[in-house]
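Inspection log for the structure reproduced underneath, given as structure tokens.
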Number of protein chains: 2
Amino acid sequence: MARRTRARRGEGDKLRQEILEAAHALLVETGSQDAVSIRAIADRVGVTPPALYMHFPDKDQLFFELCESYFQNFAGALEDATRSVDDPVESLKRAGEAYIRFALENPEHYRVLFMSGGGTPPDRELTELAGFRCFMALVEQVQKAVDLGKFRPVEAFPTGVVLWASVHGLASLLITDDHFPWPAVETLIRNQIETTIGGLLA
Amino acid sequence: MARRTRARRGEGDKLRQEILEAAHALLVETGSQDAVSIRAIADRVGVTPPALYMHFPDKDQLFFELCESYFQNFAGALEDATRSVDDPVESLKRAGEAYIRFALENPEHYRVLFMSGGGTPPDRELTELAGFRCFMALVEQVQKAVDLGKFRPVEAFPTGVVLWASVHGLASLLITDDHFPWPAVETLIRNQIETTIGGLLA
DNA sequence: TGTACATCAGTGAACGCGCGTTCACTGATGTAC
DNA sequence: TGTACATCAGTGAACGCGCGTTCACTGATGTAC
């Protein structure tokens, strides 16, 4: 195990940051929160396991903070994709595309955020609250599309679920099934979004 | 730990069956293959852990057999739903509905079969081969719908992916997110299938 | 029918492993005089 | 400027745990004579 030079008085946050980065790297390598151990993180940073407890009360809290940052990335990606897009239908298409692309570019983040099932209690709350806000933005766009007469007069909330399920379905299948003979990803993304949106057009 | 009476000479299969049933029950309770230990299975059956090795070479093989039976149930449910349905569009709708219902009624089976990510090597092969056959049946129906002029002239294989992703998306979201304020499941299933199929109609 | 024996399903103890977390401690860093 | 001291980031050893798997064994079951 490589020794690291001890932090100066004010530099406690440096190790804290390194711990989060190491945890992130290991999560990417193993693909599962359970498979990343406190000991492995400490080893990666070059520190003994108890040192982590100077910065995090326990393992759950450590991963909770990691999730928090993942979710910010995710929400940011969606926002970037739809910023200054007025047409709600176009906005939904771009959000859907950005959603799937984020999942494919950050499969481990996506897995933790949306496919991890149980998860630890604090994680769940976070994902649910922040995720719910993202979802409601989607519902708003659906309502707008209905009001403008571009969509059939569907109920906005359940229709939001249809769209979410559609993009989540493609993203999670692609992440999970490595060996399936997938057609070109670009084609799949386009088909998925065009078909689903197409089913809603007036 | 409750003692069980030792099996008669020819009754080795009885314990074997009990082991599979206990493993299944524990999988349903914990929701994850990793969380079910050899020791817990043995305990549930009323036998010591090494006894399991009389019937299975290792833990992976045990769960592989479990998966195998799950997949038979799944494929059977799809077949039952589409038997003697001639119209390919109707067949696709029924298969989609049966798919989602199977997932919701057997969330642990579904999780193991389609959401478990890595999984053990033998499991993967099985799911991929048997799953691929189910998928190709779906693709056939799509092609038939195109040939009959009921669907737009889409490519059958990538369109099969759209349909699969759509039902998988709803099923896996419902299984994963217990706390989301889901509208009525019946509504969600209907919307998901009608919208996606609707996007393909000629 | 009665007894000696072979079979083999299941046992009990142990293996080495990695885990999250605790606790008393050390020793470089910074401070007060 | 030099020295004694307080701080506190990080250490080393240990805790109790559950895991999959192994191995020599036991003892009821069934068989051969």
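Worth saying up front: this structure is predicted, and the values here are computed from it rather than measured. Each chain gets a letter, A, B and so on, in the order its sequence line appears, and its residues count up from 1.
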Practice problem: Please check if the distance between the ring centroids of B:Phe64 and B:Phe56 is under 6.0 Å. | Solution: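 That pair fails the under 6.0 Å test.
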Quiz item: Taking the six-membered ring where the residue is Trp, are the ring centres of A:Trp164 and B:Phe180 under 6.0 Å apart?
Solution: yes
[X] [atom1] to [N] [atom2]: how many Å, rounded?
X	N	atom1	atom2	result
B:Met54	D:dC23	CE	P	14 Å
B:Asp43	C:dT11	CG	P	11 Å
A:His55	D:dG10	NE2	C1'	9 Å

Between the side chains of [Y] and [X], is the shortest nitrogen-to-carboxylate-oxygen separation below 4.0 Å, so that they form an ion pair?
X	Y	value
B:Arg44	B:Glu29	yes
B:Lys93	B:Glu194	yes
B:Lys144	B:Glu140	no
A:Glu97	A:Arg101	yes

Quiz item: What stems involve DNA chain D, if each pair must be Watson-Crick or G-U and both of its distances must be under 3.5 Å, with 3 or more such pairs in a row?
Solution: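 Ordered by first number, the stems with DNA chain D (at least 3 consecutive pairs each) read C:2-33 with D:2-33.
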Exercise. Report the C-alpha distance between B:Leu201 and B:Arg152 in whole Å, list the side-chain angles of each, state the deciding distance to 0.1 Å, and finish with yes or no for side-chain contact (heavy atoms from CB on, under 4.5 Å).
Key: CA-CA 6 Å; B:Leu201 292 176; B:Arg152 292 185 282 111; over 6 Å; no
Quiz prompt | Steps toward side-chain hydrogen bond (donor to acceptor under 3.5 Å, both in side chains) verdict (B:Gln17, B:Asp13) | solution = CA-CA 6 Å; B:Gln17 206 48 46; B:Asp13 275 357; over 6 Å; no
Enumerate all atom pairs, one protein N or O and one N or O from nucleotides 17-21 of chain C, separated by less than 3.5 Å.
{"residue": "C:dC19", "atom": "OP1", "partner": "A:Ser37", "partner atom": "OG", "Å": "2.7"}
{"residue": "C:dG20", "atom": "OP1", "partner": "A:Ile38", "partner atom": "N", "Å": "3.1"}
{"residue": "C:dG20", "atom": "OP1", "partner": "A:Lys59", "partner atom": "NZ", "Å": "2.9"}
{"residue": "C:dG20", "atom": "OP2", "partner": "A:Ile38", "partner atom": "N", "Å": "3.0"}
{"residue": "C:dG20", "atom": "N7", "partner": "A:Arg39", "partner atom": "NH1", "Å": "2.3"}
{"residue": "C:dG20", "atom": "O6", "partner": "A:Arg39", "partner atom": "NH1", "Å": "3.0"}
{"residue": "C:dG20", "atom": "O6", "partner": "A:Arg39", "partner atom": "NH2", "Å": "3.3"}
{"residue": "C:dT21", "atom": "OP2", "partner": "A:Tyr53", "partner atom": "OH", "Å": "2.5"}
{"residue": "C:dT21", "atom": "OP2", "partner": "A:Lys59", "partner atom": "N", "Å": "3.2"}
{"residue": "C:dT21", "atom": "O5'", "partner": "A:Tyr53", "partner atom": "OH", "Å": "3.0"}

